[in-house]
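When reading the values below, keep in mind they use all heavy atoms of this one structure, side chains included, and skip hydrogens, waters and symmetry mates. Letters go in sequence order (proteins before strands), and every chain restarts at 1.
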There are 2 protein chains.
Amino acid sequence: MKNELHDILKIKSSELESVCRNQGLALTIQRRAILEALASRKDHPTADQVYEDISSRLKGVSRTTVYRVLETFVSLGIAKKISYPEAKARFDADTSRHHHLNCLSCGAVLDLHDPSLNDLRPPAGVEPEFAITDYSITFTGKCARCRKTEG
Amino acid sequence: MKNELHDILKIKSSELESVCRNQGLALTIQRRAILEALASRKDHPTADQVYEDISSRLKGVSRTTVYRVLETFVSLGIAKKISYPEAKARFDADTSRHHHLNCLSCGAVLDLHDPSLNDLRPPAGVEPEFAITDYSITFTGKCARCRKTEG
DNA sequence: TACTGCTTGACAATTTATGCCAAACGCAAT
DNA sequence: ATTGCGTTTGGCATAAATTGTCAAGCAGTA
């Protein structure tokens, strides 16, 4: 398991290096440290959690930098942002099982009612450890309007 | 279509009434207005958007109340919150297709790698209007630890 | 109609995130 | 190794989103 993490770090590190080289971006110690901190965790830390993780090693690092670098990683495809756009809480009065289309360009979240997606088999080996009560699928992509305006 | 919305409002309104009666909660005009505003929209408004919607009709209503009532609705099962816990942006260095287990009690978000869930057929009739590039399934429920401590 | 307790409104405080700009650093060419 | 350019960072100010507090007000019941 330890070796597994070590391998992940190595892979991620070289991914960062090649992406930076290709894009002409600087390979700063902040970017290295932030990626390493992110890849070392198996949960999904917030920007502040990453900041806490690295501020002990990299003293003097700015919170702003962590936010900024994480967004850079997302736009480079090195990391994913797990949340809805702008991270605002959104509410829905429709409590029936349904799914969502999330446009990455404009941030719109559209409903998707599709009965054929409503009977997914719960993944094997998860229950009964984790008691699943519901699920929802989020499809990400680009909506019709954004495709028109952005090509 | 107009009648459809009218029906939804009626259903939701009576749902609120029965839930409040059963739980001994007050059926305030604020709760009515907020639920009506929420159910009238087919998108997924933020708390502030709901506040904007009702503040014209219900003058003097407090932003705090809107936040509070929406959370109440979620805990009563009348509405859903479409976002990760606490609405913070979370990051993940694992960009491969995978899914999530979200504990409703403690807010933890766990990874779920399950190849059998990685080849979902894109829903019919959505593409090519909406260009889907990826998807992710979020299973909600209660994790092992919370089940132990909460029964 | 009066009582009782749940709810609300107003404001303060916190948390989360972004904008700005001078200083510092990475990188490539000497 | 040194220099110079352009990217990147740090610190701070600011905005945006959310939560905490508590007295005053309303809903539900007697």
Any ion pair linking D114(A) and R121(B) (charged N to carboxylate O, less than 4.0 Å)? no
Evaluate the criterion salt bridge (Lys or Arg N to Asp or Glu O under 4.0 Å) for residue pair E36(B) and K12(B); output intermediate values, then yes/no. CA-CA 8 Å; E36(B) 190 178 318; K12(B) 273 291 163 183; over 6 Å; no
Side chain proximity check, L9(A) to S40(A), heavy atoms < 4.5 angstrom: yes
Are T133(A) and K142(B) side-chain neighbours, meaning at least one heavy-atom pair lies under 4.5 Å? no
Just how far, in rounded Å, is P of dG20(D) from CZ of R63(B)? 17 Å
Rounded to whole Å, please give me the gap between CD in E71(A) and C1' in dG19(C). 14 Å
Got a sec? Which of residues 31-54 of chain B come in under 4.0 Å of DNA chain D, heavy atoms? D48(B)
OP1 or OP2 of dT8(C) less than 4.0 angstrom from a side-chain nitrogen or oxygen of S62(B), does that happen here? no
N or O in side chain of Y67(B) less than 4.0 angstrom from dT19(D) OP1/OP2: no
Any chance you could measure E17(A), atom CD, to N22(A), atom CG, to the nearest 0.5 Å? 11.5 Å
For nucleotides 20-30 of chain C, give me one character per nucleotide, 5' to 3': B if any protein heavy atom sits under 4.0 Å from the base, S if the only such contacts are to the sugar-phosphate, - if neither. B-----SS---
So do T65(B) and Y67(B) actually touch side chain to side chain, heavy atoms under 4.5 Å? no
Salt-bridged, K42(A) to D111(B), with N to O below 4.0 Å? no
In this structure, how many angstroms lie between the C1' atom of dT9(D) and the NZ atom of K59(A), rounded? 17 Å
With heavy atoms under 4.0 Å as the rule, sort G60(B) into base, sugar-phosphate or nothing. sugar-phosphate
For a side-chain contact (heavy atoms from CB on, under 4.5 Å) with I34(A), tell me which candidate from V50(A), D53(A), L58(A) qualifies. V50(A)
